[in-house]
Amino acid sequence: MIGPDSEDSRPGAAQAARMPLPPSVQAGPMANAIIRVARLHRMLAGQLLRRVGLHPGQELVMMQLWDLGPQRQIDLVRLLGSDAATMTRTVKRLEHAGFVRRRPSPTDKRVTIVEPTEASLALRHKVDEVWVELEECTAGQLSEERQAEAVQILEQIEAGLALAATRHTQQQPGGETAPPEGQAGCV
């Protein structure tokens, strides 16, 4: 594994991370870092998940179904912070692959229940292994203490972004209120 202090002469993501920020993103180094990390994490997750026949995001739906059992499709949307259209496409693809089954709710025919199939159970162990490998690639070079710190910081960032997103969603066009001094709409 190549660590942050290795002498790797190949061009790549590690070298790109050390390059100075271009002027266009210097006003947002944190946002830029998050974007770069998220892009690389999703790319690696995609590579690992392809081994088991899934795409990023599909494993999250399967994990919820394996852990919680059959769910209303709208509940999956809420649990995963998705939107209805994306969840519908994801569930259709998983159904086509034979990993989930959709059925109408016995109490409300407007509601769709999504459940894992027996075939998906064989996939569960493989998905667990992918997540272990992804976690190792993501944080394996950090001590347990630094990993805990990183998770805590990311949770704080997430909370701040969620609050800002809620505030921006609630603002009415034309009736916007000015954010507190120096906060640009964020906490």
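- In terms of modelled atom types and a separation under 3.5 Å, the side chain of T86 and the main chain of S82 share no donor-acceptor contact.
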Could you pull out every donor-acceptor pair under 3.5 Å between side chains of residues 57-66 and any protein atom, sequence neighbours left out?
| residue | atom | partner | partner atom | Å |
| --- | --- | --- | --- | --- |
| Q58 | OE1 | H55 | N | 2.8 |
| E59 | OE1 | G57 | N | 2.8 |
| W66 | NE1 | S120 | OG | 3.1 |

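- In this structure a side-chain-to-backbone donor-acceptor pair under 3.5 Å is present from T117 to G98.
- A distance of 10.0 Å separates CZ of R72 from CG of L76, quoted to the nearest 0.5 Å.
- The distance from the CZ atom of R110 to the CD1 atom of I74 is 12.5 Å, given to the nearest 0.5 Å.
- The shortest side-chain heavy-atom distance between R89 and L94 does not fall under the 4.5 Å cut-off.
- We find the CG-CZ distance between L134 and R42 to be 12.0 Å, quoted to the nearest 0.5 Å.
- L44 and C137 get closest at one heavy-atom pair: CD2-CB, 3.5 Å.
- Between G46 and P56 the shortest heavy-atom distance is CA-CG, 3.6 Å.
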Throw together a table of side-chain donor-acceptor distances under 3.5 angstrom for residues 147-161, partners on residues two or more places apart or in other chains.
| residue | atom | partner | partner atom | Å |
| --- | --- | --- | --- | --- |
| Q147 | NE2 | A139 | O | 3.0 |
| Q147 | NE2 | L142 | O | 3.0 |

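- Using a cut-off of 4.0 Å between Lys/Arg side-chain N and Asp/Glu carboxylate O, R103 and E115 are scored as salt-bridged.
- V114 places none of its side-chain heavy atoms less than 4.5 Å from the side chain of Q71.
- Here the side chains of R51 and K126 are not in contact, with every heavy-atom distance at 4.5 Å or above.
- Both F99 and V77 belong to a single network of hydrophobic side chains, linked directly or stepwise wherever heavy atoms of I, L, V, M, F, W or Y lie under 4.5 Å apart.
- A 4.5 Å side-chain heavy-atom check between R39 and M43 finds every atom pair outside the cut-off.
- In this structure the side chain of E118 reaches within 4.5 angstrom of the side chain of L121, judged on heavy atoms.
- To the nearest 0.5 Å, the span separating CD on E133 from CD on Q47 amounts to 10.0 Å.
- Note that NZ of K92 and OG1 of T88 are 6.5 Å apart. Values are rounded to the nearest 0.5 Å.
- In the hydrophobic cluster analysis, where Ile, Leu, Val, Met, Phe, Trp and Tyr join through side-chain heavy atoms closer than 4.5 angstrom, L68 is grouped apart from I113.
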